[in-house]
Each structure stands twice: as structure tokens, then as C-alpha cells.
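Let me begin by presenting the structure, written as C-alpha cells, before commenting on it.
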Amino acid sequence: MSCSALKMIAGLGNPGRDYAQTRHNIGFAVLDRLAQAASVQFDQKQFDAVFCKTRLAGCQTYLIKPMSYMNKSGFPVQKLAAYYKISLEDVMVVHDDMDLPFGRIKVVQSRGHGGHNGIRSIINAFGSKEFVRVRVGVGRPEDPSDKGAKVVGHVLGHFTPEEKLALEDVVAQAADACTLILKHGVSYAMNRINTTN
């Protein structure tokens, strides 16, 4: 990523108070952290998203939160990227990931959706997977029985008391990962975060 071009960071989640503190909304929490650090608010609305523009790590960056619900995240992300002429390689997506233990952060690029419906929607909307992702681990349900229902209940469920104690640090680390990608590029961030996190 070079700061000569506009950037976009999209945090995935579901709108509404019922979903506010759930695992599926950790992408929203990371975007809130980035906005807070930059002293900006999500005061613009378009294409079923709330967003703002700020400068992060020297880069002009749009922070966006799709309001279309997780499974339809692709439309607002793609439409805003097209409207502001942001290339797909300059798009970063922050999302929850059950394949990583709680608190683990991993940076990837050009990877499949791995069963994540929000990422599947974005890949379908762009017709490509050539974007950067910051995967934030939320772990899997401990009881493997009735897998489908357990998975939905897990991602739409609230963090445990133990997880809540660490959540602020996890969100801060994910926000730092986004800044690191902007400042030093994807390869550098992968080497730093994926091997030491």
C-alpha cells in the first residue's frame, strides 16, 4: 500500500443495539477505535454505510461501517470504493474470525472467504479477492455438537467475562495492525503480526 492513493478500511458488523457487543461486530469496534484515535466521527451516510474521511499513518483514508447487515456487506463497500475511485488493493477489511483463537490477529491478502459470509459478499461484489484483511480471532464454540446452531449463536453471542477483560487490548492491537499496513505495507505487517501475535 502506498500513500499516494486513497485508502479504505471497512469494519464488518451488524447495525443496531442488539448486535453492538457481539463477536460478529468486532470489526465495528476496531473502526470505532481508529475513528476515536483520529478524533473523527462517522458523520456521513451513503450506499447503506456510515463513514468518514481522515488521515491515518499519513494516508488519506475512508473509514466505513456497512449498515446492510453482515451477509450483504459487499454492496456498500464496493459502491463506496467505486464512488471515491479507490482501487481494490487499497481496500482493507477488518472482521471477526472463528478459525483463530480469541485475541489472535492475522493479516492476509487475496484469500478465499473461509466461510465468512461478510467476506463472501465483498468478494462477490468486487468479483475479486485482491484486498487486504485483518482477521480478528473470536474462537469457536467449545461444544462441537449441533454445529450450525452453535456457530451462529457463538458469533452473534456476547463475549465472556474473561474475554471482555482483554477485549480493549485486542481491539487496540487490531487497530494498530491497520495502521502498520498503511505505514509499512502488507508484507511487513504480515511478517510482524502473523509471526509474533
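Quick caveat: nothing in here was measured; it's all calculated off a predicted structure. Computation of the quantities below employed the complete heavy-atom set of this structure, encompassing side-chain atoms and omitting hydrogens, waters and symmetry-equivalent molecules. When a residue number appears, it is its place in the shown sequence, counting from 1.
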(message) Nearest 0.5 Å, please: how far is CE in Met190 from NZ in Lys106?
(response) 9.5 Å
(message) Per the salt bridge (Lys or Arg N to Asp or Glu O under 4.0 Å) rule, what does the pair list look like for residues 165-174, sequence neighbours excluded?
(response) none
(request) Kindly check if the number of other-residue, nucleotide or ligand heavy atoms within 6.0 Å of CZ (Arg111) is above 12? (result) no
(message) Suppose we screen for side chain to side chain donor-acceptor pair (under 3.5 Å). Which residues come up paired with Ser128, at least two apart in sequence or across chains?
(response) none
(request) Looking only at non-hydrogen atoms, find the nearest pair between His95 and Ile26 and report the distance. (result) C-CG2, 4.2 Å
(request) Under the side chain to side chain donor-acceptor pair (under 3.5 Å) rule, collect the residues that match up with Arg33, sequence neighbours excluded. (result) none
(request) Consider only side-chain heavy atoms of I, L, V, M, F, W and Y, link residues closer than 4.5 Å, and tell whether Ile105 and Leu100 are in one cluster. (result) no
(request) List for me each residue that meets side chain to side chain donor-acceptor pair (under 3.5 Å) alongside Asp176, sequence neighbours excluded, and say none if there are none. (result) none
(message) Could you measure the distance from the OG1 atom of Thr179 to the NE2 atom of His184? Nearest 0.5 Å is fine.
(response) 10.0 Å
(message) Counting C-beta onward and ignoring hydrogens, is there a side-chain heavy-atom pair between Thr160 and Lys164 closer than 4.5 Å?
(response) no
(request) Quick one: do Ile122 and Gln78 satisfy side chain to side chain contact (heavy atoms under 4.5 Å, CB included)? Show the steps, please. (result) CA-CA 7 Å; Ile122 293 171; Gln78 189 275 329; over 6 Å; no
(request) To the nearest 0.5 angstrom, please state how far the CE atom of Met92 sits from the CD1 atom of Ile181. (result) 4.5 Å
(request) Measure across Pro66 and Leu12 and return the closest heavy-atom pair with its distance rounded to 0.1 Å. (result) CG-CD2, 4.2 Å
(request) Flag the pair Val30 / Val170 as yes when at least one side-chain heavy-atom distance between them is below 4.5 Å, and no otherwise. (result) no
(request) Apply side chain to side chain contact (heavy atoms under 4.5 Å, CB included) to Gln36 and list each qualifying residue two or more places apart in sequence or on a separate chain. (result) none
(message) To the nearest 0.5 Å, what is the distance between CG on Leu80 and CZ on Phe75?
(response) 9.0 Å
(request) Under the salt bridge (Lys or Arg N to Asp or Glu O under 4.0 Å) rule, collect the residues that match up with Arg135, sequence neighbours excluded. (result) Asp97
(request) Say whether, by atom type as modelled, one donor and one acceptor occur between the side chain of Thr195 and the main chain of Asn191 under 3.5 angstrom. (result) yes
(request) Take Thr61 and Leu6 through the test side chain to side chain contact (heavy atoms under 4.5 Å, CB included) and record every step on the way to the result. (result) CA-CA 6 Å; Thr61 306; Leu6 276 173; over 6 Å; no
(message) Check whether Asn25 reaches the backbone of Asn14 with its side chain - one donor and one acceptor, N or O, closer than 3.5 Å.
(response) yes
(message) Which heavy atom of Phe126 sits nearest to which heavy atom of Ala81, and what is that distance?
(response) CZ-CB, 3.9 Å
(message) Starting from Val108, can I reach Tyr188 by hopping between I/L/V/M/F/W/Y residues whose side chains sit under 4.5 Å apart?
(response) no
(request) Output all residues satisfying side chain to side chain donor-acceptor pair (under 3.5 Å) with Glu130, sequence neighbours left out; order by chain, then residue number. (result) Ser110
(request) Carefully, step by step, assess Val107 and Leu180 under the rule side chain to side chain contact (heavy atoms under 4.5 Å, CB included). (result) CA-CA 11 Å; Val107 176; Leu180 196 68; over 6 Å; no
(request) Taking all heavy atoms of Ile123 and all of His113, pick out the closest pair and write down the distance. (result) CD1-N, 3.8 Å
Tell me which donor-acceptor pairs under 3.5 Å the side chains of residues 37-59 have, and how far apart each pair is, sequence neighbours excluded?
| unit_1 | atom_1 | unit_2 | atom_2 | d |
| --- | --- | --- | --- | --- |
| Arg55 | NH1 | Gly58 | O | 2.6 |

(request) Please list, chain by chain and in numerical order, all residues satisfying side chain to side chain contact (heavy atoms under 4.5 Å, CB included) with Ser87, sequence neighbours excluded. (result) Glu89, Asp90
(message) Please find the pair of heavy atoms, one from Ile9 and one from Cys178, that lie closest to each other, and give the distance.
(response) CD1-CB, 4.0 Å
(message) Please report the interatomic distance CE(Met8) to CG(Leu63), rounded to the nearest 0.5 Å.
(response) 10.0 Å
(message) Once side-chain hydrogen bond (donor to acceptor under 3.5 Å, both in side chains) is applied, what residue pairs with a partner in residues 65-76 remain, sequence neighbours excluded?
(response) Asp32-Lys65
(request) Might you work through the side chain to side chain contact (heavy atoms under 4.5 Å, CB included) test for Val132 and Val91, ending with a clear yes or no? (result) CA-CA 6 Å; Val132 179; Val91 173; over 6 Å; no
(message) I want to check something: taking the side chain as every heavy atom from C-beta on, are Arg133 and Val94 in contact at a cut-off of under 4.5 Å?
(response) no
(request) Looking only at non-hydrogen atoms, find the nearest pair between Gln21 and Phe159 and report the distance. (result) O-CD1, 3.6 Å
(request) Only counting residues at least two apart or in another chain, list the ones meeting salt bridge (Lys or Arg N to Asp or Glu O under 4.0 Å) with Glu163. (result) Arg23
(request) Identify, with sequence neighbours excluded, every residue that meets ring pair (Phe, Tyr, Trp, His ring centres under 6.0 Å) alongside His24. (result) His116
